[in-house]
S.K.: 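Take this structure first; my questions come after.
Because the structure is a prediction, the values reported are computed rather than measured. Residue numbers start from 1 in every chain, and the chains themselves are labelled A, B, ... in the order their sequence lines are given, proteins ahead of strands.
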Amino acid sequence: MAISATPPASDFIRDIIAHDHASGKNSGLVVCRFPPEPNGYLHLGHAKSICLNFGVAAENNGCCHLRFDDTNPSKEETEYVDAIMADVRWLGFDWGEHLYYASNYFQLMHDYAVTLIKMGKAYVCSLSADEIRSYRGTLTEPGRESPFRNRTVAENLDLFARMRAGEFAEGSHVLRAKIDMSSGNVNLRDPVIYRILKASHHRTGEAWCIYPMYDYAHCISDSIEQITHSLCTLEFEDHRPLYDWFLDQLRIFHPRQIEFARLNLSYTVLSKRKLIKLVTRGHVAGWDDPRLPTLAGIRRRGYPPAAIRAFCGRIGMAKSNSVVDMALLEHIIREDLNEQAPRALAVLRPLKVVITNYPADQVEEVTVPNHPNRPELGTRQVTFSREIFIEQDDFMEVPTKKFFRLVPGGEVRLRSAYFITCNEVIKNGEGEIKELRCTYDPASRGGASPDGRKVKGTLHWVSAAHALPAEVRLYDRLFTVASPDSEAGAEFTDHLNPASLETLANCRVEPSLAAASPESSFQFERLGYFCVDRHDAKPDRLVFNRTVTLRDSWTKIDK
RNA sequence: UGGGGCGUCGUCAAGCGGUAAGACACAGGCCUUUGACGCCUGCAUUCGGAGGUUCGAAUCCUCCCGCCCCAGCCA
């Protein structure tokens, strides 16, 4: 339980809710909701909202509903609702029996609309979409009233009934709230609350041909579910007067809407629109591509859900637009994995080493700790033999000054095994290093020399004859610039990192990894954290995804 | 020129009239059978700016400046 036990943050929303809870408002109940529209996959921005809503509810002994905001059948699909539920569960939250759909309330919403019409607060407008737009005015000029604004209640009732009955074509009529065409807040200039859409709905099928708009549907859904605190992002602040207006007119349970800043993360994009573009244009390999900030993507990448929760707790909650540094996310991922992940030896770019004084027919087992800081996780036996592989990067024929790995004539330790000294460099015709000839010190078994001799470097290794082949996918940041969104005059895809994925097909890993289950994480010593790909790994085919590298002060040294 | 928000360290972010938390990043150092982890140290005399109120202001008032959102029959 490494970092998952991050104490719940205090923030302006929690302050408000704690105050309401303590003062007995809503009988002391706290009910929140996470209301995704099933038209795309969830991403880290949603994770912030999920952690907030479910977290705050739990902290106040309340509950949090999962409600699909499915009021636009032309964009929504069952595939998305299934994916969303799987992602929320994976993140570690449980909505219990509180699974809802805005579409469940279509009849009630319809009836409330009729009520509004009877109150003279809503009317059927027969202007075209373009006309409505021009009547709306601009940000600085008031709008003009629709010529249909003063239809009689009877006429409105008749027209609305016929809209519902399917008598009219899409776009021919809408139902509008009658509020104030001169309001400085454009949302209040007689907003459309129902439109005709002859589309099949993923839940209600052909039952309806008129569908409610967000502003109308959301507040009513919240009210029906007795949501006490309706938390949403900043861009809905302008809609709050409308949210309040409907509930006040209808005199029904009135939740409080509170807005917070959405999450932005450097070196990636967190907008549904952009993510869809990356997927459909083939810049990535689907919604769960490990380079994507989608929950499905980071899951496949190996980010632990507990770390994501810790991240959401640590970034804070405020109303100022901000961009969280990707380095913070990576730090928290490492923090969790450092504690949780068992260590393993894996060589990504193998360089053969022959230990000339090691008997050709000898094989032995060396004992390697599974976790340096957690002895209770035990040890394992790893096979050592005359021919091994080390990392190509761990040898330099002509070393730079601060390089303390293997060099000609130099001695290093093979982790948990022996000290070896390089005696000879074998090259091919092109001058490429093909093999190293070394000698080992039999007295240094386990990695320490009885004479107290010190070596500066310790290398990871695998036995050539015993190691298993594996494919390793090295993932890096998706974009090369911190803010791909806001680079002036450029499309965000212009900044895609061409090196965001490097696939290594010829890696060698220690044999114990054959038993690793899908999605399990390991630290490949000195390299980083890797997880077994949940889709492509098979019993006879090892595939690992690099979650994140280890912090590496060596690459920062001026070589 | 309309309406709604926001401006505290490079990045997030506490602070709610009593004299600038914490985290990440960064820079040094220690430790080390992962150049990892861990540990230590440093890192805002100042809170967008200018006035004002006060014994005392990041916190209250005034004006100014900057940034974000809004004119879908999307959410």
Side-chain angles (χ1 to χ4, degrees), chain A residues 9-11 15 35-37 39 69-72 74-76 125 127-129 132-134 136-143 170-176 182-189 191-197 210-211 213-215 217-218 232-241 259 261 266 272 314-332 334-335 338-339 343 345 368-369 371-373 402-405 413-417 419 444 446-448 454-460 482 523-528 549-557:
Chain A
S10 167
D11 53 61
D15 288 348
E37 182 187 12
N39 69 342
D69 214 344
D70 55 353
T71 57
N72 186 351
S74 62
K75 295 184 172 180
E76 298 148 5
C125 181
L127 253 22
S128 69
I132 287 182
R133 187 178 311 118
S134 76
R136 188 152 34 226
T138 68
L139 294 179
T140 54
E141 301 157 12
E170 283 186 15
S172 58
H173 306 277
V174 292
L175 184 68
R176 292 226 255 169
S182 64
S183 172
N185 182 343
V186 186
N187 295 125
L188 264 21
R189 319 239 265 227
V192 171
I193 60 179
Y194 264 96
R195 76 287 214 190
I196 297 169
L197 243 34
I210 56 171
Y211 292 91
M213 296 286 289
Y214 168 84
D215 286 305
H218 204 86
C232 61
T233 45
L234 252 28
E235 67 270 26
F236 292 103
E237 210 152 13
D238 287 338
H239 296 243
R240 193 173 63 227
E259 310 83 12
S266 60
K272 234 180 232 182
R314 253 193 268 185
I315 55 178
M317 195 59 67
K319 295 190 69 162
S320 54
N321 294 105
S322 59
V323 182
V324 175
D325 195 339
M326 176 63 88
L328 174 61
L329 209 209
E330 293 175 340
H331 167 82
I332 294 174
R334 290 189 185 104
E335 194 174 41
N338 175 54
E339 184 71 15
R343 312 287 119 131
L345 297 177
V368 186
H371 193 120
N373 308 327
K402 290 181 177 172
F403 187 83
F404 55 72
R405 278 114 90 151
R413 169 170 40 236
L414 292 177
R415 164 112 247 224
S416 298
F419 285 6
S444 63
K454 301 285 186 194
V455 290
K456 186 75 171 134
T458 299
L459 311 186
H460 57 279
Q523 183 199 95
F524 288 175
E525 294 206 32
R526 305 210 306 133
L527 296 173
T549 61
L550 250 31
R551 246 183 103 238
D552 182 5
S553 51
W554 164 240
T555 55
K556 290 177 185 170
I557 294 172

S.K.: Need the glycosidic conformation of B/G4: syn if within 90° of 0, anti if not. Which one?
M.R.: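 In terms of base orientation relative to the sugar, B/G4 is anti.
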S.K.: Answer yes or no: does a side-chain N or O of A/Arg343 lie under 4.0 Å from OP1 or OP2 of B/A36?
M.R.: no
S.K.: Taking the P atom of each, how far is B/G49 from B/G7, in whole Å?
M.R.: 14 Å
S.K.: Students often get this wrong, so: under 4.0 angstrom with heavy atoms, is A/Val323 touching a base, only sugar-phosphate, or nothing?
M.R.: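 Contact class for A/Val323: sugar-phosphate only.
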S.K.: Mind checking what makes side-chain contact (heavy atoms from CB on, under 4.5 Å) contact with A/Arg334, not counting sequence neighbours?
M.R.: A/Glu330, A/Tyr529, A/Val548, A/Thr549, A/Arg551
S.K.: For a quick check, tell me whether the side chain of A/Asn185 and the base of B/G4 share a donor-acceptor pair closer than 3.5 Å.
M.R.: no
S.K.: For B/C60, what is the paired nucleotide under Watson-Crick or G-U wobble rules, both distances under 3.5 Å?
M.R.: B/G52
S.K.: Using a cut-off of 4.0 Å on non-hydrogen atoms, how would the nucleic acid contact of A/Ile315 be classed: base, sugar-phosphate, or nothing?
M.R.: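 It contacts sugar-phosphate atoms only.
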S.K.: With distance as the sole criterion, is a donor-acceptor pair present between the side chains of A/Thr458 and A/Arg413 under 3.5 Å?
M.R.: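 A donor-acceptor contact under 3.5 Å links the two side chains.
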S.K.: Heavy atoms only, 4.0 Å cut-off, all strands: where does A/Phe524 land among base, sugar-phosphate and nothing?
M.R.: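 Counting heavy atoms under 4.0 Å across all strands, no contact is made by A/Phe524.
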S.K.: NA contact type, A/Ala448, heavy-atom cut-off 4.0 Å: base, sugar-phosphate, or nothing?
M.R.: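 Base, at least one base atom sits under 4.0 Å.
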S.K.: Expressed in whole Å, how much space separates the P atoms belonging to B/C55 and B/A13?
M.R.: 36 Å
S.K.: Using a heavy-atom cut-off of 4.0 Å across all strands, would you classify A/Gln523 as base, sugar-phosphate, or nothing?
M.R.: base
S.K.: Applying a 4.0 Å non-hydrogen cut-off, can you work out what A/Pro35 is touching in the nucleic acid: base, sugar-phosphate, or nothing?
M.R.: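 Contact class for A/Pro35: none.
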S.K.: Starting at the 5' end of RNA chain B, which residue's closest nucleotide do you reach first, A/Val186 or A/Ala261?
M.R.: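 By nearest-heavy-atom nucleotide position, the 5'-most residue is A/Ala261.
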S.K.: So, is A/Arg136 close to the B/C73 phosphate, meaning a side-chain N or O under 4.0 Å from OP1 or OP2?
M.R.: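 For B/C73, OP1/OP2 do have a side-chain N/O of A/Arg136 under 4.0 Å.
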S.K.: If only side-chain N and O atoms of A/Thr71 are considered, is one of them under 4.0 Å from the OP1 or OP2 phosphate oxygen of B/C74?
M.R.: no
S.K.: Does A/His331 have any ring-ring contact (aromatic ring centres under 6.0 Å, His included) partners at least two apart in sequence or in another chain, and if so, which?
M.R.: none
S.K.: Quick one: label A/Tyr211 by what it contacts on the DNA or RNA (base, sugar-phosphate, nothing), any heavy atom closer than 4.0 Å.
M.R.: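 Here A/Tyr211 touches no strand at all.
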S.K.: Would you indicate what A/Asn72 reaches in the nucleic acid, counting non-hydrogen atoms under 4.0 angstrom: base, sugar-phosphate, or nothing?
M.R.: sugar-phosphate
S.K.: Over all strands shown, is A/Leu345 touching base, sugar-phosphate only, or nothing at heavy-atom distances under 4.0 angstrom?
M.R.: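 Touches nothing.
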S.K.: Could you list the residues that satisfy ring-ring contact (aromatic ring centres under 6.0 Å, His included) with A/Phe403, not counting sequence neighbours?
M.R.: A/Trp554
S.K.: Reckon A/His239 touches a base, only the sugar-phosphate, or nothing at all at heavy-atom distances under 4.0 Å?
M.R.: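 Base contact.
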S.K.: Remember a base hit wins even if backbone is also touched, and classify A/Arg405 as base, sugar-phosphate or nothing at under 4.0 Å, heavy atoms.
M.R.: base
S.K.: Could you measure between the two P atoms, the one in B/A20 and the one in B/C9, and give it in whole Å?
M.R.: 16 Å
S.K.: Counting just side-chain N and O atoms, does A/Ser320 come under 4.0 Å of either OP1 or OP2 of B/A13?
M.R.: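 Looking at the OP1 and OP2 atoms of B/A13, one of them is under 4.0 Å from a side-chain N or O of A/Ser320.
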S.K.: With C1' as the reference atom in both, quote the distance from B/U41 to B/U54 in angstrom, rounded to an integer.
M.R.: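 Straight-line distance between the two C1' atoms is 39 Å.
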S.K.: For nucleotides 21-32 of chain B, read 5' to 3', which letter fits each nucleotide if B means a protein heavy atom sits under 4.0 Å from the base, S means only the sugar-phosphate is that close, and - means neither?
M.R.: --SSSS-----B
S.K.: Given B/A13, is OP1 or OP2 found less than 4.0 Å from the side-chain N or O atoms of A/Ser322?
M.R.: yes
S.K.: Would you please name every residue forming a side-chain hydrogen bond (donor to acceptor under 3.5 Å, both in side chains) with A/Ser128, sequence neighbours left out?
M.R.: A/Glu131
S.K.: So does A/Glu235 get a backbone contact from the side chain of A/Thr233, meaning a donor-acceptor N/O pair under 3.5 Å?
M.R.: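 Answer holds: no.
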S.K.: With both distances kept under 3.5 Å, what pairs with B/G66, Watson-Crick or G-U wobble?
M.R.: B/C6
S.K.: What contact category does A/Ile132 fall into here, base, sugar-phosphate, or nothing, at under 4.0 angstrom with non-hydrogen atoms?
M.R.: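 Base, at least one base atom sits under 4.0 Å.
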S.K.: Examine B/G72: is either OP1 or OP2 under 4.0 Å from a nitrogen or oxygen in the side chain of A/Arg133? Give yes or no.
M.R.: yes
S.K.: When we call it a touch if two heavy atoms are under 4.0 Å apart, what does A/Phe404 touch: a base, just sugar-phosphate, or nothing?
M.R.: base
S.K.: For salt bridge (Lys or Arg N to Asp or Glu O under 4.0 Å), just list the numbers for A/Lys319 and A/Glu237, CA-CA rounded to whole Å, side-chain angles, deciding distance to a tenth of an Å, and then say yes or no.
M.R.: CA-CA 11 Å; A/Lys319 295 190 69 162; A/Glu237 210 152 13; 2.4 Å; yes
S.K.: Return the set of residues passing ring-ring contact (aromatic ring centres under 6.0 Å, His included) with A/Phe419 (not counting sequence neighbours), or none when no residue passes.
M.R.: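 A/Phe419 satisfies ring-ring contact (aromatic ring centres under 6.0 Å, His included) with no other residue.
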S.K.: Identify whether any heavy atom of A/Val192 sits under 4.0 Å from a base atom; if not, whether one sits that close to sugar-phosphate; answer base, sugar-phosphate or nothing.
M.R.: sugar-phosphate
